[in-house]
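As structure tokens, the structure follows; a few thoughts come after it.
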Amino acid sequence: QVQLLESGGGSSQVGGGRVLTCVASGFTYGSACVGWFRQDPGKEREAVATIGTADGRTYYADSVKGRFTISRNNAKTTVYLQMNDLKPEDTAIYYCAATPWYAESCLHNPETIMVYWGQGIEVTVSS
């Protein structure tokens, strides 16, 4: 059974930081593409950041470059999203997603290849 267990959501102040964690299980993780997506009510879901678990190559949305960092711990089959300098526009439901294979789409059009999705966790940023 595939599971993507997200944690770390909550409320933050503008300029603050937060770490989201996604623990993956039930699929071949070693050569996967794992990422974080977000959706605010009334808006389209967007890819925030992705990482290839084998080589660590990453993708970031322009809106989070320089503020967010995605990383992985393969021994723990866990992917992290370190969020710094949070802004009100970062408020959204954040979803961990994964696909059990790696393709260049992981870094260019990640929303097109994700197969597994977590339940989502809420992140709220307020001033």
Side-chain angles (χ1 to χ4, degrees):
Q1 180 181 0
V2 173
Q3 285 191 314
L4 295 173
L5 297 178
E6 303 132 325
S7 62
S11 298
S12 295
Q13 297 285 315
V14 169
R18 181 168 291 277
V19 179
L20 303 184
T21 299
C22 174
V23 181
S25 62
F27 65 95
T28 303
Y29 172 90
S31 57
C33 174
V34 183
W36 288 94
F37 294 71
R38 67 186 182 187
Q39 187 169 23
D40 204 16
K43 297 182 181 179
E44 290 189 3
R45 184 173 61 196
E46 66 169 337
V48 175
T50 61
I51 189 166
T53 58
D55 61 10
R57 293 171 68 192
T58 58
Y59 158 88
Y60 293 97
D62 288 342
S63 58
V64 306
K65 283 180 181 177
R67 300 189 298 122
F68 290 10
T69 302
I70 190 169
S71 62
R72 89 276 194 217
N73 182 328
N74 288 352
K76 297 182 178 181
T77 64
T78 299
V79 171
Y80 307 94
L81 184 68
Q82 172 71 54
M83 305 187 293
N84 296 328
D85 191 22
L86 285 164
K87 302 177 179 181
E89 52 264 42
D90 295 319
T91 296
I93 304 296
Y94 283 71
Y95 298 90
C96 179
T99 192
W101 64 83
Y102 181 82
E104 284 301 308
S105 294
C106 182
L107 306 181
H108 301 289
N109 295 295
E111 60 275 1
T112 64
I113 64 169
M114 294 304 174
V115 175
Y116 308 123
W117 292 85
Q119 293 295 310
I121 51 175
E122 186 171 5
V123 174
T124 303
V125 184
S126 58
S127 56

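No hydrogens, no waters, no symmetry mates; every other heavy atom, side chains included, goes into these values. As the structure is a prediction and not an experimental result, all values here were calculated from the model. Residue numbers run from 1 in the order of the sequence given.
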Working to the nearest 0.5 Å, report the span between [atom1] of [X] and [atom2] of [Y].
X: Leu86; Y: Ser11; atom1: CG; atom2: OG; value: 11.0 Å
X: Leu81; Y: Cys96; atom1: CG; atom2: SG; value: 9.5 Å
X: Met114; Y: Thr99; atom1: CE; atom2: OG1; value: 7.0 Å
X: Ser31; Y: Asn74; atom1: OG; atom2: CG; value: 10.0 Å
X: Phe68; Y: Ser63; atom1: CZ; atom2: OG; value: 7.5 Å

Taking all heavy atoms of [X] and all of [Y], pick out the closest pair and write down the distance.
X: Asp90; Y: Arg67; answer: OD2-NH1, 2.7 Å
X: Tyr29; Y: Thr78; answer: OH-O, 3.5 Å
X: Leu4; Y: Ala97; answer: CD1-CA, 3.8 Å
X: Tyr95; Y: Gly120; answer: CD2-CA, 3.5 Å
X: Glu111; Y: Ala47; answer: OE1-CB, 3.8 Å
X: Ile121; Y: Gly9; answer: CD1-N, 3.6 Å

TODO: Any pair with a residue in residues 39-48 that passes side-chain hydrogen bond (donor to acceptor under 3.5 Å, both in side chains), sequence neighbours left out, goes on the list, sorted by first then second residue, please.
DONE: Arg38-Glu46
TODO: Among Val34, Thr77, Asn73, find the residue that satisfies the side chain to side chain contact (heavy atoms under 4.5 Å, CB included) test when tested with Thr53.
DONE: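 Result for side chain to side chain contact (heavy atoms under 4.5 Å, CB included) with Thr53: Val34.
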- [ ] Sort out for me which residue in Thr69, Val48, Thr50 forms a side chain to side chain contact (heavy atoms under 4.5 Å, CB included) with Tyr60.
- [x]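 Between Tyr60 and the candidates, side chain to side chain contact (heavy atoms under 4.5 Å, CB included) is satisfied uniquely by Thr69.
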TODO: Apply side-chain contact (heavy atoms from CB on, under 4.5 Å) to Cys33 and Trp101, showing your working.
DONE: CA-CA 6 Å; Cys33 174; Trp101 64 83; over 6 Å; no
Kindly work out whether a path of hydrophobic side-chain contacts (I/L/V/M/F/W/Y, heavy atoms less than 4.5 Å apart) joins [X] to [Y].
X: Val125; Y: Leu20; result: yes
X: Tyr94; Y: Val14; result: yes
X: Ile93; Y: Trp117; result: yes

Task: Partners meeting side chain to side chain donor-acceptor pair (under 3.5 Å) with Thr58 (sequence neighbours left out) - done: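 With neighbours one apart ignored, the set is empty.
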TODO: May I have the step-by-step check of side-chain contact (heavy atoms from CB on, under 4.5 Å) for Ser127 and Gln13, ending in yes or no?
DONE: CA-CA 6 Å; Ser127 56; Gln13 297 285 315; 5.9 Å; no
Open item on the list: For a 4.5 angstrom cut-off between non-hydrogen side-chain atoms, does Val123 reach Met83?
Closed with: yes
- [ ] In sequence, state the C-alpha distance, the side-chain angles, and the governing distance for Asp62 and Lys65, and then conclude on salt bridge (charged side-chain N to carboxylate O under 4.0 Å, His left out).
- [x] CA-CA 5 Å; Asp62 288 342; Lys65 283 180 181 177; 3.2 Å; yes
TODO: Please report the C-alpha distance between Ile113 and Cys106 in whole Å, then the side-chain angles of each, then the deciding distance to 0.1 Å, and finally whether the side-chain contact (heavy atoms from CB on, under 4.5 Å) criterion is met.
DONE: CA-CA 7 Å; Ile113 64 169; Cys106 182; 4.2 Å; yes
